[in-house]
Amino acid sequence: MDEKYFAAKIEDKWQMKWLESGAFEVEMDSDKPKFYQLEMLPYPSGNLHMGHVRNYSIGDALAWYKRLKGFNVLHPIGWDSFGQPAEEAAIKRGVNPRDWTEENIKHMRGQLQRLGLSYDWRREMFAHRPDYYKFDQWFFLKMYEMGLAYKKLSQVNWCPNEKATLSNEQASGGICWRCGAAVERKDLEQWFFRTTNYADQLLDDMAEIEAGWAEKVLKRQRDWIGRSEGAFVDFAVKDSDEKIRVFTTRIDTIYGANAIVVAAEHPIIEANYANFSYETKAVIEKIKADKLKVTDHEAEIEKEGVDTGLKAVNLFSGEELPVWAANYVLIEYGTGAVMSVPAHDERDYEFARKYDLPIKVVIEPHGKAHEISNDNKLAHDEMIDSAFSDYGVVVNSDLWNGKTTEDAKREMAEYAERHGFGEAATTYRLRDWGVSRQRFWGAPIPIIYCEKCGVVPEKYENLPIELPEKAEFTGTGESPLAKVESFVNTTCPKCNEPAKRETDTMDTFVDSCWYYFRYTDPKNSEMPFDPKIAAYWTPVDQYIGGDDHAVMHLIYTRFWTKAMRDMELIGFSEPVKRLLTQGMVIGETFFDEIPNPDEPEGKGKRVYFPPSSVSVERDAKGKIISAKSAEGTTLKSAVERMSKSKGNGVDPDEMVEIYGADAARLFVLFAAPAENELVWNESGIEGAVRFLQRVWRFVWKWKSKIQSPKSEVQNEEFSSDARKLRQKTHQTIKRVTENFESLQFNTPVAALMELSNALYDFKVDSETASETDLYAIREAVESLILMLAPFAPHTAEELYAQIVGNENGMLANGARFPEYREELARADEIEIPVQVNGKLRSRILAAPDTANDELEIMALADAKIQEYTNGKEIAKVIVVPKRLVNIVVKG
RNA sequence: GCCGGAGUGGCGAAAUUGGUAUACGCACCAGACUCAAAAUCUGGCGGGCUUUACGCCCAUGACGGUUCGAGUCCGUCCUCCGGCACCA
């Protein structure tokens, strides 16, 4: 190796050594504490992007840190290799999705390896290979047995032109992304997993992981599950035996109900449809038709409804209420019917205003009783501009008057239950997870339809149900699988008569629900994994990924874990102890905005130009003054998520080529805290290279002198400068260790830079350095190198080899992360700021353990302080040990 | 609209959780080395003022409060980013 730092040379060398020696290959070993470090697995799109580099650099740093701390670290990687893009490639370019996927994996694996990430490659998993998806199918059958998988009619996005189902993304904006036809909704029989069975557990078990998950993720999950506590209440339909059941969270406001409002699809509407007037029918049909239109996050929809003429009786008050059908009541939520209480619900208020319905106040704010009129028929004009939806005191409600909202809610629900027209109830926003996809590139659902036996699950011994080698990809019509005769036609596992296979495949989120259990036992052909092995490695100690997965993936995998617990495969309920959600990597984009003729008011269509093709003029602060394309068009700019289509992506290979993997990784971690967005700016990366080179040069200069250090020396023998260096070394160890434990990666890099600067400041000639000086240098250098390993492992390995004199590598040599020693980190003398009335006026030097009253005397004796205290009364002196002295004077 | 997060130098960011605001790095400026350049090394680098000092004043989105002391806590407001969107 060279005196000069050549990244490529050492990186190739150590990557080879690691691979040959199996440095990161681990086995279950109950004598050692384990640590499971996991990062979200990539989709093999073809190229790694900087977001991946960031994600995997963070994970690799932690994996190295934990290894050096003596843990048996499982750090695997795999491929989320089922999914739409492969099928798209097949449709567009006629390639086989399997070949396309395998090619991409090959390329991306190379990219990961060039970054020198410390994976146990023997455990690599591939979602699209039969040995993996066999167990997707295995789990499906288990779920089916447990009643957790079932089939029901549900709506999909449907392109009437291509006769194909579309994902929400493909249907974005209400038009088919390929042909532009207006997207419709269509009912289809689909498979579901009963995630709602676990709704309460998904919420309540959050208590177990609260400490390790960001609040923003937990909050989004809470919202997604959307538990709301309330009550069902039945309203009797007049002149019939029927009832309308509503769900309400505010049963205490029931005396304020002015109407029952139901969704257009509600059974009561169907049942009485024939009796409705022509006008009523027209409104109902319009509401239904509007619902079929796919609206894409459009602004608030105007409330619309119609009085059906039906009457319902409020069994609390005996009052008769009109039954309306309206567009703001959702059939999917609650019971599809609500009681409308305009005085105390914003939506009902709006609706009542529009249709001139009576508004009756039944809740008054606490402490404001009687300020609002007792008039039962309070006119809307008196409700100034909105409903009062807070809790308060019940009024105008017979025997419930004077009760608080809290008491009334509980007691009224009990009352309804006692009288047989209601009960306390809980509803959820969470729906069951629809897993059917009308696509080829996914795990086939192992179900068979037999004319005689009906729906029959495939036998376990027939798994995997493999995808056919060939299929036709047109992007139109049914799923490609449906057209492969050899796949569709089979025999019934029950009666052996000819039967047909299910041609839907599973949602790819199924694969990512349990892949990290597979890593623990990747070659198992009988079971998804051996419960005994999984028990050693799981749960995951640290999971890292983008917060775009805060809900879907992370809820589904929590659901799956609970289901696996109930299958007795594992013995815990929460799969991930600590979760780190890293911020996006974003970059400057340049685009021309072309007005959209369909939406003249809305945003135009953006046509992106790659930054390299744009000539940019900046002011002194680096702000963009103007940007022009090669043709001279003036362009707009923004800072957005990096992507190929926007042309602002950075190729990791290029970064590695120019600066080296170590510098690229170090920089990505140093540039910003992990949770922050990272605005990509290449100018900083050279600083990372410089830092590595600085460390390299220092080690090269001293390595022969410090190769065989003296055994432990008494601290008193060191020169004062050497003692200071040792202090810096141990303070740095403390800081870096604490930073790793709290998942900070930018600050420890700064600390290491400071230590390296301290080494350069330690002015000792290499020829005349004393034994103790050399000891201090060796201590600092060795610590620096070991602490550098998580950020720049190749450089650290090479430098470590230089000072220990062998090339076995840190791990094989049993190297450990340096231990912080309190007594060495302590300075002989520290500077203590002295304030007068909170303003910094002077500094005194004192031993760190100086007593408070002594510090006070020293501070008061300070010449500069006396200038401020002279002739004034000293009211108080505050001494914070080791921190500061503040003298409060009067006058 | 509701919920969540954040506002600190030219820039990315630190601040031991209420105790020296601006660590570390980028960019920039000056010097050393060099025929020269690059690299490297050394020094400077929030703003203002003057008596240029181990000096003073101001400054962490704005205003107010609590405190001996506030970037940090409380209140009101402003701005930006993210999530949700009629969930009864």
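Chain letters run A, B, ... following the sequence lines, proteins first and then strands; every chain starts at 1.
- With C1' as the reference atom, G25(B) and C73(B) are 31 Å apart, rounded to whole Å.
- The CG atom of L692(A) sits 16 Å away from the C1' atom of U40(B) (whole-angstrom rounding).
- No option in K219(A), Q221(A), R220(A) other than K219(A) meets the side chain to side chain donor-acceptor pair (under 3.5 Å) test with D223(A).
- Figure legend: cation-pi geometry between K303(A) and F351(A) absent, as NZ or CZ is not positioned both under 6.0 Å from the six-membered ring centre and within 45° of its axis.
- Residues of residues 325-338 of chain A that place a heavy atom closer than 4.0 Å to RNA chain B, in numerical order, are N327(A), Y328(A), V329(A), L330(A), Y333(A), V338(A).
- Judged by atom type and distance alone, K303(A) reaches the base of C86(B) through a side-chain donor-acceptor pair under 3.5 Å.
- Rounded to a whole angstrom, the distance from the P atom of C11(B) to that of G65(B) is 30 Å.
- Here W433(A) pairs with D507(A) under the side-chain hydrogen bond (donor to acceptor under 3.5 Å, both in side chains) rule; sequence neighbours left out.
- For N746(A), the side-chain atoms get nearest to A14(B) when compared with the rest of G4(B), A14(B), U40(B).
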Open item on the list: Let me check I have this right: for RNA chain B, each base becomes ., (, ), [, ] or |, based on Watson-Crick or G-U pairs with both distances under 3.5 Å. What is the full string?
Closed with: (((((((..(((......[....))).(((((.......))))).((((.....))))..(((((..]....))))))))))))....

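- Atom CG of N852(A) is separated from atom P of G19(B) by 17 Å (rounded to the nearest Å).
- Counting to the nearest Å, the P atom of A88(B) and the CG atom of D348(A) are 12 Å from each other.
- In the interface, the side chain of R883(A) is paired with the base of U16(B) through a donor and an acceptor atom under 3.5 Å apart.
- For P673(A), taking side-chain heavy atoms from C-beta onward, the closest of the listed nucleotides A14(B), U20(B), G4(B) is A14(B).
- Phosphate contact (OP1/OP2 of A21(B), side-chain N/O of K839(A), threshold under 4.0 Å): absent.
- The side chain of F670(A) lies closest to G12(B), out of G12(B), G19(B), C84(B).
- Proximity note for A750(A) (side chain, C-beta onward) versus C24(B), C56(B), C68(B): the nearest is C24(B).
- A glycosidic torsion no more than 90° from 0 defines the syn conformation, and G9(B) adopts it.
- Checked by atom type, the side-chain pair T195(A)/Y428(A) shows no donor-acceptor distance below 3.5 Å.
- Nucleotides A23(B) and A15(B) have their C1' atoms positioned 8 Å apart, rounded to a whole Å.
- Applying the 4.0 Å criterion to OP1 and OP2 of A13(B), one finds that N676(A) has a side-chain N or O inside that range.
- Atom CG in D223(A) sits about 18 Å away from atom P in G82(B), given to the nearest Å.
- Here R222(A) does not reach the OP1 or OP2 of C3(B): none of its side-chain N or O atoms lies under 4.0 Å away.
- In this structure, R694(A) forms a cation-pi arrangement with Y760(A), its terminal cationic atom sitting closer than 6.0 Å to the ring centre and no more than 45° off the ring axis.
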